[in-house]
Amino acid sequence: MKNITFYGRFENDILAGRKTITLREASDANVSAGDKVRVSRYEDDVFFCNIEVIAVTPVMFDNLNETHAAQENMTLEQLKDVISEIYPGLRELFMIEFRLI
Ligand SMILES: CC(=O)Nc1ccn([C@@H]2O[C@H](CO)[C@@H](O)[C@H]2O)c(=O)n1
């Protein structure tokens with residue numbers, strides 16, 4: 001099974017179903033619709049759930065909107081700040097939509 005990591009601060013939102021997408025650079029988006037993926041924390045590699053990928057869709061940073069933010073359980077401003085910290089200057093992102101399994 002493939003693996004993906006998330007920063008530990010997002011674990012609770014993912015487990016509660018409040019965070020249903022992640023926005024990644026191309027090299028971190030090597031999954032496809034239907035893939036079942038193990039999820040662990042980036043900091044300590046501790047496993048915390050399995051997800052199924054619903055879709056992977058390219059999205060430009062400048063086209064991020066309130067729907068993306070809601071799916072991340074953030075405001076749009078918070079989401080843009082988070083992405084700018086993780087991927088400074090990156091314009092082309094990939095939205096991975098997922099559900100808990
Ligand atoms: C190594 C590495 O890049 N790990 C990442 C990258 C991104 N994300 C989250 O995806 C959303 C959009 O980027 C935000 O919620 C981010 O915090 C994450 O949790 N862990």
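Hydrogens, waters and symmetry mates play no part in the numbers below; they use all other heavy atoms, side chains included. Atoms within each ligand, like the ligands themselves, are counted from 1 in listed order.
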Fill in the blank from the handout: When rounded to the nearest 0.5 Å, the distance separating CZ of Arg99 from CG of Asn50 is 11.5 Å

Problem - Nearest atoms (heavy-atom pairs only) where Ile14 meets Lys19 - result: CG1-CD, 3.8 Å

Exercise for the section: If you have a sec, work out which protein heavy atom is nearest atom 20 (N) of ligand 1 and how many Å separate them, to one decimal? Expected result: Tyr7 CD1, 3.2 Å

Fill in the blank from the handout: Per-atom filter on ligand 1: closer than 4.0 angstrom to a heavy atom of Met74 are 15 (O)

Exercise for the section: Mark up the atoms of ligand 1 that fall under 4.0 Å of a heavy atom belonging to Val82, in ascending order. Expected result: 14 (C), 16 (C), 17 (O)

Exercise for the section: Count the heavy atoms belonging to other residues, nucleotides or ligands that lie under 6.0 Å from CZ of Phe48, then report whether that count exceeds 12. Expected result: yes

Exercise for the section: Verify the cluster assignment for Leu23 and Leu90: are they in a single hydrophobic cluster under the rule of side-chain heavy atoms below 4.5 Å apart? Expected result: yes

Practice task
For Ile83, counting its heavy atoms only, list the atoms of ligand 1 lying under 4.0 Å from any of them.
Solution key: 12 (C), 13 (O)

Handout entry: Contact atoms of ligand 1, heavy-atom distance to Thr22 under 4.0 Å
Key = 8 (N), 9 (C), 10 (O), 11 (C)

Exercise for the section: Report yes or no: do Leu100 and Val56 belong to one cluster of Ile/Leu/Val/Met/Phe/Trp/Tyr joined by side chain heavy-atom distances under 4.5 Å? Expected result: yes

Exercise for the section: Verify, without hydrogens or angle tests, whether Glu72 (side chain) and Ala69 (backbone) share a donor-acceptor contact under 3.5 angstrom. Expected result: no

Handout entry: Nearest-contact summary for atom 11 (C) of ligand 1 - protein heavy atom, Å
Key = Glu72 OE2, 3.1 Å

Handout entry: Nearest protein heavy atom with distance in Å, relative to atom 13 (O) of ligand 1
Key = Leu23 O, 2.8 Å

Practice task
Around atom 7 (C) of ligand 1, find the nearest protein heavy atom and jot down its residue, atom name and distance.
Solution key: Arg24 NE, 3.3 Å

Exercise for the section: For Arg24 and Tyr87, work out which heavy atoms get closest and say how close. Expected result: CD-OH, 3.3 Å

Exercise for the section: Determine, considering heavy atoms only, which of Phe10, Phe6, Tyr42, Tyr87 sits nearest to atom 1 (C) of ligand 1. Expected result: Tyr42

Practice task
Looking only at protein heavy atoms, identify the closest one to atom 16 (C) of ligand 1 and say how far it is in Å.
Solution key: Ile86 CD1, 3.5 Å

